[in-house]
There are 2 protein chains.
Amino acid sequence: MVLTEKQKELIEEFGVLNEKYGLPPAECRVWGLFLVADKVELTFDEIMETLNLSKGGTSNALNRLMMTHHIEYITKLGDKKRYFRCKMNNWTQMTKENFEKFDDLNIILKEILKARTSKTPQFNKDLKEVTEFLDFVYKEIMLAIHKWENRQ
Amino acid sequence: MVLTEKQKELIEEFGVLNEKYGLPPAECRVWGLFLVADKVELTFDEIMETLNLSKGGTSNALNRLMMTHHIEYITKLGDKKRYFRCKMNNWTQMTKENFEKFDDLNIILKEILKARTSKTPQFNKDLKEVTEFLDFVYKEIMLAIHKWENRQ
DNA sequence: AATTAAGTTCAGTATTTTGTGAACTAAAAA
DNA sequence: TTTTTAGTTCACAAAATACTGAACTTAATT
């Protein structure tokens, strides 16, 4: 598969952004390829050749993307190959999970607050307010997602 | 400064969580120390000794935490030392910035959508819906933060 | 039964990221 | 003016991460 310069550029841009969130470069590029490619279904070899990845690297990236539910594969009768494709119906789920991780921070902050000395009342009050703020934002986000899911 | 086992544990827990978001371990521990310590103002040497960090490592961690506005320092007349402390009044700002980074993803997805082939209408429709979802959630989050900032 | 196809696994390498500690700077104290 | 204090800088070492490619597995085909 031949990519246009624009497609390559978008893959890299998408990659750099996701690397910031801890994904390995190869995995980002594979995910990005699914988003920019002119076809929806891609085979192992196509991905490997288009991105100049090794077999091991390709295998690893695809399996990680499947574990995180970003992609899936389908099979075709009388064909041994797998056809991989991007899952587009799980973004609200994915986003929800992301914000749940954001709530983990608040859980630890509340634990910290509970364990703090009483000798620093102003600090404790400030920290309490932070946890209240995070609680509030988290609830509003979940409400917003719920609102989206139940729209007509 | 001597820490209780509980304090040490909380520092590590807070550290592991923040390492997931790309912060170096030493920096996470320093930040965590400010959150669990029985004092609000800590000196360079206190931090270094309490966490068994090197001078360079301590200097680097403190400067990075200052650049990201997580901590600040005050000085005292007739005292050369700096007294570092955690900034607790910038969490709404910090949170806002975090969500702006979340919006960057949507900006790229919209670019990708614009550049896509017209031969994959279902995929394009799905991707468009993702961007609309992300738009919606982002707006609701900003609204929520605004609501919090303007509460009485 | 041998060969091919489609991928997996893993040892080793390359790269990047972190942290150390000694040498350095700049200001204050002796 | 020398010494001490408070911290910075930077070369190097250690550790973690990511990728490659060859050997392997499993199933299908010849």
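Numbers restart at 1 for each chain; the letters A, B, ... are given by sequence-line order, proteins then strands.
Under the 4.5 Å side-chain heavy-atom criterion for Ile, Leu, Val, Met, Phe, Trp and Tyr, I11(B) and V16(B) are members of distinct hydrophobic clusters.
Atoms CG (N63(A)) and P (dT9(C)) sit 7 Å apart, rounded to a whole Å. The CG-P distance, from L42(A) to dA6(C), rounds to 15 Å in whole Å. Between the NZ atom of K76(B) and the P atom of dA28(C) there is a distance of 18 Å, rounded to whole Å. At whole-Å resolution of the value, CG in L65(B) and P in dG7(D) are 15 Å apart. Distance, D45(B) CG to dT4(D) P: 16 Å, rounded to whole Å. Atom pair F44(B):CZ and dA26(C):C1' shows a separation of 15 Å (rounding to whole Å applied). Look at CG on L62(B): it is 12 Å from C1' on dT8(D), rounded to the nearest Å. Rounded to an integer number of Å, the gap from CE of M48(A) to P of dA6(C) is 12 Å.
Judged purely by distance below 3.5 Å, without hydrogens or angles, the side chains of Q7(B) and D38(B) pair a donor atom with an acceptor atom.
Looking at K6(B) and E111(A), a side-chain N of the basic residue comes within less than 4.0 Å of a carboxylate O on the acidic one, giving a salt bridge. Taking the charged nitrogens against the carboxylate oxygens, D135(B) and K110(B) do have a contact shorter than 4.0 Å, which makes a salt bridge.
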Let me see the working for Y73(A) and F44(A) under ring-ring contact (aromatic ring centres under 6.0 Å, His included), right down to the final yes or no. CA-CA 10 Å; Y73(A) 69 81; F44(A) 189 99; over 10 Å; no
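Between R82(A) and dA5(C) there is no side-chain N or O to OP1 or OP2 distance below 4.0 Å.
With a 4.5 Å cut-off between side-chain heavy atoms of Ile, Leu, Val, Met, Phe, Trp and Tyr, the cluster of I74(B) takes in Y83(B).
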Go along nucleotides 15-30 of chain D 5' to 3' and tag each nucleotide: B for a protein heavy atom under 4.0 Å from its base, S when only backbone or sugar atoms are that close, - otherwise. ---SSBB-----B---
